[in-house]
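Just the heavy atoms: all of them, side chains too, but no hydrogens, waters or symmetry mates, feed the values below. Lettering follows sequence order; numbering is per chain, from 1.
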Number of protein chains: 2
Amino acid sequence: MSAKRTSLKDIAQEAGVSTALVSYVLNGKEKESRVGPEIAAKIRAIAIALNYQPNHVAKSLRSGKTQTIGLIIADISNPFFANIARIVEDEAKRNGYTVIIGSSDENADKSRDLLNVLINRQVDGFIIVSAEDSAEQVQLLKEKNIPFVLLDRYFPDMQTDFVSTDHYRAAYDGASHLITNGYRRIGMIAYKSAMFHMQERIRGYQDALKDGGLPFQKGYLKKIRFTHIEQEAKVAIDELTKTDKPVDALIFATYGLAINGLIYLNEQKLNVPDDVAIVSFGQAEAFDLYYCPITYLKQPIDLLGQTSVSLLVKKLKESPKEPAQILMNAELVARNSSKPKLIRQI
Amino acid sequence: MSAKRTSLKDIAQEAGVSTALVSYVLNGKEKESRVGPEIAAKIRAIAIALNYQPNHVAKSLRSGKTQTIGLIIADISNPFFANIARIVEDEAKRNGYTVIIGSSDENADKSRDLLNVLINRQVDGFIIVSAEDSAEQVQLLKEKNIPFVLLDRYFPDMQTDFVSTDHYRAAYDGASHLITNGYRRIGMIAYKSAMFHMQERIRGYQDALKDGGLPFQKGYLKKIRFTHIEQEAKVAIDELTKTDKPVDALIFATYGLAINGLIYLNEQKLNVPDDVAIVSFGQAEAFDLYYCPITYLKQPIDLLGQTSVSLLVKKLKESPKEPAQILMNAELVARNSSKPKLIRQI
DNA sequence: ATAGTCAGCTTAATCGTTTAAGCAAATAGG
DNA sequence: CCTATTTGCTTAAACGATTAAGCTGACTAT
């Protein structure tokens, strides 16, 4: 049977003092609280001898702070989010916080559930990668004055703190890169979503085409449903490639779309980049393994994660004034999948 | 400013009763505690009206249970663990538990830190994918009577609950598969590790060779250090392929080894499976993306995760008797990377 | 009439901490 | 020597819930 954990009371008893003194000493408040140096030393010694470990739950109840951060992401098994989670975990730990991760599956209901569970668990604040239709939840957090930072996705018409990639610019850069390298019929596969980040990626793609002197063709932009990604990705690719004017390059708006798309391109024996060049969002080992390494827009994951944590921690400590809104640039990592187009020799 | 959360006391006040009654009613103990039906209804109505949400922290302090599970894994950004984490998260939620995930980086010190942090946070129990040299930590948990279940890795000479893949058999199956398909010079790249699961994978490989009539050749088994995976994987592959008796097939003992190895094979223009066939542990989208889909040993991740949670939950509820020790089989998913060897035509 | 039972509530302790307030003794200031 | 101040400690409330124990009044049984 495990011996009971030692509490402040145990130490107090052993030292023959009140628990108050023990608390003061172990929290380093001996000066302010005028604790005698000998007794302080004694208390510390006993604490070590009894291997005292403070009870976090009691602390939390008393202080109203749990030193816990809720991280809401779409799905921890998606590498982008897993990497984010890892960074957030590490950074939070450095700041004395523990992270509870919840996967929303891009689903507003699950997201709401998660928020409620974590609010009941008294997390001090949230880092949220918002799901579709979750604006109202975010609004609620604001009203309830629960600290949070939005990560990578934000609502342009809501005043909130956020740390995000500049999705517009990333997409613009990706498309421009393809144009520069000689591609002229550039398609995009995106999600059918009202989320701002997705709109921005699409807008960036469109603007780049326009600025590159290529008229935007409606048929080259395919929007598919997250919930039916596998089937619809195939259909989209068929429609883009099996026509008399097939695309010569393709931008995948997310990692998930890329995975599905690339597998299907393989099945269809479409060669990258000769049949179709690729630029993708997201980043993962998978892109290195493809026979033709995939050009991708590298989001500053480390910085995103770290900044969101430090922003939140700052909010928790100092309480807010102005919301901080931070945009970061994705870096285009050019690989063979988008190499300069060879002039076709007949 | 957010209104204060409503507590039992608020409801009690509003209803003009004591907090005890409120507690009884809201916990469905009105029968045993002989609460009058009208007042019970009133209390319930007020609770709803005030949107009462129980304070989990207070509950935990009182009960000594936090309804929280600590999940210790090597690295959440590794897809195998990310998938495990996802399953565990979902299954735990179904059982009313919240999961706190910590990444140990296969490092005993970090693992110990994590355990301590989570013990102080009063998690009710642990699910642990043990890191190297962490046997003593596990032993400590046992002695402290802290409930835990080992996941996918266990210590054969320690009596603990565990849920694990049968690593020996998986490796045996993988190697046998290669033999069946005509490969004769089968190498393996594994980690240099005393961990039992790694030893088992190696043993399975060796026994399969033996049983297949192939003498085990020491030079075909390469053990590299986890901490130097990138360099040493390259060296190992060079040594296995750039000799007068190069391997014709290769087993990667983990997902991480596979990723590094496959990328290097690509760089070296070694063709899979013509130059070298591949069987790998782990599973990931990456294997589907490779130009030649990779044969892998599919660990029963869902079942592993679910079983470990339900085992732990059972331990938490009913308290233990005999430890449960569960081995599960990995499924060999045969793909092109290990297709029957073509007889070389000269 | 009188004790016993029971329904329906309240009281108060408890979990482990923190911390404002208070008290007694020692010291300082004049 | 007498009053302030300081020093070093204790007391007790509080955080929000749970729950054993007790209290009161009504009803039952004899």
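- Rounded to an integer number of Å, the gap from A/Q53 CD to C/dC15 P is 20 Å.
- Atom-to-atom, CD of A/Q122 to C1' of D/dA17 comes out at 12 Å; the value is rounded to the nearest Å.
- Between B/K42 atom NZ and C/dC9 atom P the separation is 10 Å, expressed in whole Å.
- Side-chain N/O atoms of A/S111 and A/Q137 include a donor and acceptor closer than 3.5 Å.
- The pair B/D109-B/R112 counts as a salt bridge, with a side-chain nitrogen and a carboxylate oxygen less than 4.0 angstrom apart.
- With rounding to whole Å, B/E32 atom CD is found 16 Å from D/dA21 atom P.
- Rounded to whole Å, atom C1' of C/dT19 lies 11 Å from atom CG of A/N27.
- When the nearest nucleotides of DNA chain D are assigned to A/R34 and B/K9 by heavy-atom distance, the more 5′-ward of the two goes with A/R34.
- Counting heavy atoms from C-beta on, the side chains of B/K42 and B/V25 never come closer than 4.5 Å.
- For the pair B/L61 and B/V35, nearest-nucleotide mapping onto DNA chain C gives the more 5' position to B/V35.
- Taking the charged nitrogens against the carboxylate oxygens, B/D90 and B/R94 have no contact shorter than 4.0 Å, which rules out a salt bridge.
- For D/dA20, its base sits under 3.5 Å from the side chain of B/Y24 at one donor and acceptor pair at least.
- Heavy atoms of A/V17 sit under 4.0 angstrom from primed sugar atoms or phosphate atoms, though from no base atom.
- When rounded to the nearest whole Å, the span between CG of A/L21 and C1' of D/dT11 equals 12 Å.
- Using a 4.0 Å cut-off between charged nitrogen and carboxylate oxygen, A/R86 and B/D105 count as a salt-bridge pair.
- Side-chain nitrogen and oxygen atoms of B/K29 include at least one within less than 4.0 Å of the OP1 or OP2 phosphate oxygen of D/dT19.
- Remark: C1' of C/dG16 and CG of A/L26 are 13 Å apart, rounded to the nearest angstrom.
- Side-chain atoms of A/A20 lie closest to D/dT11 of the nucleotides D/dT11, C/dT17, C/dC9.
- In this structure, CG of A/L8 is placed 7 Å from C1' of C/dG16, rounded to the nearest angstrom.
- Under 4.0 angstrom from either OP1 or OP2 of D/dT10 there lies at least one side-chain N or O belonging to A/S18.
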